[in-house]
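Chain A is the first sequence line, chain B the second, and so forth, proteins listed ahead of strands; every chain is numbered from 1.
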Amino acid sequence: MPGSPELPALLAGPVLEVAPRLLGAVLRHGDVVVRITEVEAYDGANDPGSHAYRGRTRRNAVMFGPPGHLYCYFTYGMHVCCNVVCGPEGTSSAVLVRAGEIVDGLELARERRPRASDRDLARGPARLCSALGIELDHDGTDLVAGPVTLTLGEPAADVSTGPRVGLRGAPDRPWRFWLTGEPTVSAYRPAAPLRRR
DNA sequence: GTTGCGATGCGCT
DNA sequence: GCGCATCGCAACA
């Protein structure tokens, strides 16, 4: 099922305007469909918290490309997280998809995450990718053509904002957005200091 | 609900 | 080598 052809134009605006527009949008991969409930904005070269802050590398190359593509990365030795690339081509901003509600394909999502409650199936960026079956191979996916597709809805009516989760290197900016009152929004954890081994 | 900590491997300095 | 846009589990409140 292809996405809407006007998606890239809708995502080409400033990241702080695009990020809240993704709340309530629908991310689909095969039979599993997620309604996005929580995101974070990353402002490319201007943002010490962004993977693109120190310039282009092989890993972050997709962030520098056109909007409407998926940037996937591997972290903590075992997890995949995904972002929606936004802003005009040549800039490097993106929106991390942090959490969502499964709205279709519940059985398959449960198979992929057998120990999670339904509320936790896509509560957290790595959990969301796991439930959707998104892997590193999906880095660079065109979100109109698929296999992963994004469909925007109407702008959300009740949006909350706060500091981003788990960053050590960046000053706190209120660039996390979520649907107020949603039970599927991930619990806030401030960045933890390093522990000795 | 909270806090503490180990798992795990790649990207980058 | 060091650090990481995390998670699941155990223990506690």
Could you check how far CG of D120(A) sits from C1' of dC7(C), rounded to whole Å?
-> 11 Å
Which of these nucleotides, dA7(B), dA5(C), dG11(B), is closest to any side-chain atom of M78(A)?
-> dA7(B)
Gap between atoms OH and C1', on Y53(A) and dC4(C) respectively (whole Å) = 18 Å
Matching residue for H51(A) among Y71(A), Y42(A), Y73(A) - test: side chain to side chain donor-acceptor pair (under 3.5 Å) = Y71(A)
CZ/F74(A): more than 12 non-hydrogen atoms of other groups inside 6.0 Å | yes
With a non-hydrogen cut-off below 4.0 angstrom, is G166(A) in contact with a base, only sugar-phosphate, or nothing?
-> sugar-phosphate
Round to the nearest Å and state the distance from R98(A) atom CZ to dC7(C) atom P.
-> 7 Å
Given atom CZ of R54(A) and atom P of dC4(C), what is their separation to the nearest angstrom?
-> 10 Å
Gap between atom OG1 of T37(A) and atom CZ of R98(A) - 0.5 Å precision = 10.5 Å
Y42(A) stacking on dA5(C): centroids under 5.5 Å, ring planes under 30°?
-> yes
Phosphate contact (dC12(B) OP1 or OP2) by T57(A) side-chain N/O below 4.0 Å | yes
Tell me: CZ of R189(A) to C1' of dC5(B), nearest whole Å?
-> 13 Å
Closest to the R168(A) side chain, choosing from dG8(C), dA5(C), dC4(C) = dC4(C)
Rounded distance (Å) that lies between atom P of dG11(B) and atom CZ of R59(A) = 8 Å
S4(A) to V144(A) - nearest heavy-atom pair and separation | O-CG2, 3.4 Å
Using Watson-Crick or G-U wobble geometry with both distances below 3.5 Å, tell me the partner of dA5(C), or none.
-> none
Please state how far atom CZ in R173(A) lies from atom P in dA5(C), giving the value in whole angstrom units.
-> 15 Å
Can you tell me if the side-chain N/O atoms of H79(A) get under 4.0 Å from OP1 or OP2 in dT8(B)?
-> no
Pair of N/O donor and acceptor under 3.5 Å linking dA7(B) base with Y76(A) side chain = no
At under 4.0 Å between heavy atoms, what does L167(A) touch on the DNA or RNA strands: base, sugar-phosphate, or nothing?
-> sugar-phosphate
Assign R113(A) to base, sugar-phosphate, or nothing according to its heavy-atom contacts below 4.0 angstrom with the strands shown.
-> sugar-phosphate
Can you tell me how far C1' of dC10(B) sits from CG of D139(A), to the nearest Å?
-> 14 Å
Salt bridge flag under 4.0 Å for residues D118(A) and R110(A) | yes
Verify the contact: side-chain N or O of R58(A) to OP1 or OP2 of dC12(B), cut-off strictly under 4.0 Å; return yes or no.
-> no
Any strand, both distances under 3.5 Å, Watson-Crick or G-U wobble: dT8(B) pairs with none
